[in-house]
Amino acid sequence: MAVKTEQQKQRTLTTAASFAGVGLFSGRPSRVVIHPAAPDTGLSFRRVDLPGKPTVAARAEFAVERSRRTMLKHGDASVEMVEHCLSALAGLGVDNALIDVDAEESPIGDGSAKPYVEAIEGAGVVEQEAPKRVFVIDEPVTVEDGEATIAVAPGAGAEYVYMLDYGEGGVIPRQSMSFRGGAEEFTRELAPARTFSTRAEAEEARRAGLFGHLTTKDMLVIDRGGPVENAYRFDDEPVRHKLLDLMGDLALVGMPIRGRVVAVRSGHSLNVRLARELSERAKAVPLAEPAMDIRAILDVLPHRFPMVMVDRVLELESGKRAVGIKNVTMNEPFFQGHYPGAPIMPGVMIVEAMSQLAGLMFKEQLHAEGRVGVLLSIDGVKLRRAVTPGDQLVMEAEGVRVTSRMGEADCRAFVGGQLVAEARVKFMIADASSEK
């Protein structure tokens, strides 16, 4: 297995996209607003109706077992029925987005990914100045649950295959489909396919008190004669929806998969199990060669222990953009007094770490021989959540302006894909000898 970068750029939304409706299981009103997000932050859901607006990253480690849907939960944040939104984002090639939800369940719309696709396409999708990272499959991986199986194997590009089989005499005939298209093909071939159930499943759900707010005209219920009081959008609509769900659930790996995925009779639970297995393997992949290791960082920064706040620079485009990390451990000296028994990284230290990354980004402009960058001003500081021992700060700096005497940058810091701090920093160039 390998995590690689492609010539393709990461993508996010041009502006916010919104979609409102009701939850499939709850029947309660729900609204999602999908916001643009910075490169390398991935996809996250934010519960804007809860105190503090808690966030949960769209990662397999936060998936919770639920019947007939995919749920994410982390701390106080939980969101159900995320698969159609994630499938739309994956199908359109969106890597980074922050998805606000004002209820415990995302709206179901017509039961397909089409409403999400239409909202995203209406907002527009834009490339970002960062290469797309992909997870390349180079050895087979299989997960099973009874007669249900998903296998992923090496392949050219990305291919998803689903085999739907309700057995001999099943209400829905056997169907299979392969998909390896791009955004246009996804929008046309998969996005309109709706969630479905057999008549027996729907009647059992009604007896359990579910779906009372829906009729057979609102959702696809299938009997031996076909859809009840409804019509197929495709002759093989059920298998197309299964492919849609599969792509949405595997988006929880956190990056696009390059390989061949073959699923037989799988549902959300098994899909998520494969996503979790691939996520664990992705974490074990060695880090790519950094743009600057700690020795190169110390050659540029005038700081020394305990004030070096950047451990590694992952990406560096001189004067324009940098991505770096700070590993936060309990050994940080500031935790002795901030606070005993409840260690929290001081906000000023987070800002200091972001400022140091900005200084490294301007190293060619600001760090001429015998000169250093001195922090001149900090504007627009926002500290959005606590950073504690064990966290890894992923920081991003983007150049705003640089002259022979000054440099200015917008900085952001993330933990687990969640924005924790942001600020605009400005540097003045000074002779090192005058700063003793």
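The shown structure was predicted, so the numbers you read here are calculated from the model rather than taken from an experiment.
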Flag the pair [X] and [Y] as a salt bridge only when some basic side-chain nitrogen lies within less than 4.0 angstrom of an acidic carboxylate oxygen.
X	Y	result
E83	R69	no
R66	E80	yes
R180	E185	no
E332	K326	yes
E105	R28	no

Drop me the distance from [X]'s [atom1] to [Y]'s [atom2], to the nearest 0.5 angstrom.
X	Y	atom1	atom2	value
S67	L210	OG	CG	8.5 Å
H213	I108	NE2	CD1	8.5 Å
E398	E408	CD	CD	13.0 Å
K242	L190	NZ	CG	14.0 Å
T195	L244	OG1	CG	9.5 Å
R174	Y166	CZ	OH	13.0 Å

Original post:
Given E204 and R68, is the salt bridge (charged side-chain N to carboxylate O under 4.0 Å, His left out) satisfied, shown in steps?
Top reply: CA-CA 13 Å; E204 182 181 351; R68 298 179 64 87; over 6 Å; no
**OP:** For the pair Y116 and S106, evaluate side-chain contact (heavy atoms from CB on, under 4.5 Å) and give the outcome as yes or no after the intermediate values.
**Re:** CA-CA 11 Å; Y116 290 98; S106 297; 3.5 Å; yes
Non-hydrogen atoms of [X] and [Y] that approach each other most closely:
X	Y	value
D110	P115	OD1-CD, 3.6 Å
S112	R233	OG-NH1, 3.9 Å
A263	L246	CB-CD2, 4.1 Å
V420	F414	CG2-N, 4.0 Å
A423	I378	CB-CG2, 4.0 Å
S279	V253	OG-CA, 3.4 Å

Are the side chain of [X] and the backbone of [Y] linked by a donor-acceptor contact shorter than 3.5 Å?
X	Y	result
Q175	V239	yes
R260	Y160	no
H35	A16	no
N230	T216	yes
R384	E422	no
T12	A37	yes

Subject >> Candidate pair K382 and L419, rule side-chain contact (heavy atoms from CB on, under 4.5 Å), full reasoning >> reply: CA-CA 10 Å; K382 294 181 181 178; L419 182 65; over 6 Å; no
[X] side chain near [Y] side chain, heavy-atom distance below 4.5 Å:
X	Y	value
E396	M361	no
V161	S176	no
I120	V117	no
E352	M307	yes
L86	T70	no
T142	T149	yes
I222	Y232	yes
P238	Y162	no

Residues, nucleotides or ligands: over 12 heavy atoms within 6.0 Å of [X] [atom1]:
X	atom1	value
N327	CG	yes
E203	CD	yes
R199	CZ	no
K73	NZ	yes
D235	CG	no

Subject >> Residue pairs, two or more places apart or on separate chains, that pass salt bridge (Lys or Arg N to Asp or Glu O under 4.0 Å) and touch residues 142-157 >> reply: E147-R265
Under the side-chain hydrogen bond (donor to acceptor under 3.5 Å, both in side chains) test, residues paired with [X] that sit two or more places apart:
X	result
D236	R240
S18	R31
E121	T187

Original post:
Between L316 and L360, does a side-chain contact (heavy atoms from CB on, under 4.5 Å) hold up when you go through it step by step?
Top reply: CA-CA 9 Å; L316 179 62; L360 291 166; 5.6 Å; no
Original post:
In terms of ring plane angle, is the pair F186 and F179 parallel, tilted or perpendicular, where the classes change at 30° and 60°?
Top reply: perpendicular
Original post:
Side chains of S78 and E104: is there a donor and an acceptor less than 3.5 Å apart?
Top reply: no
Subject >> Residues E159 and S178: side-chain donor-acceptor under 3.5 angstrom >> reply: yes
Original post:
With sequence neighbours excluded, what pairs up with H74 under the ring-ring contact (aromatic ring centres under 6.0 Å, His included) test?
Top reply: F62
Subject >> Worked verdict on R385 versus D391 for side-chain contact (heavy atoms from CB on, under 4.5 Å) >> reply: CA-CA 12 Å; R385 57 149 282 189; D391 286 342; 3.4 Å; yes
**OP:** Apply the test salt bridge (charged side-chain N to carboxylate O under 4.0 Å, His left out) to residues E277 and R281: give CA-CA distance (whole Å), side-chain angles for both, the deciding distance (0.1 Å), then the verdict.
**Re:** CA-CA 6 Å; E277 173 68 22; R281 294 186 181 223; 2.8 Å; yes
Show me the donor-acceptor pairs, under 3.5 Å and distance only, between side chains in residues 88-98 and residues at least two apart or in other chains.
| residue | atom | partner | partner atom | Å |
| --- | --- | --- | --- | --- |
| D95 | OD1 | K132 | NZ | 2.9 |
| D95 | OD2 | R11 | N | 2.8 |
| D95 | OD2 | K132 | NZ | 2.6 |
| N96 | OD1 | D40 | N | 3.4 |
| N96 | OD1 | T41 | N | 3.2 |
| N96 | OD1 | G42 | N | 2.8 |
| N96 | ND2 | Q10 | OE1 | 2.9 |
| N96 | ND2 | Q128 | OE1 | 2.7 |

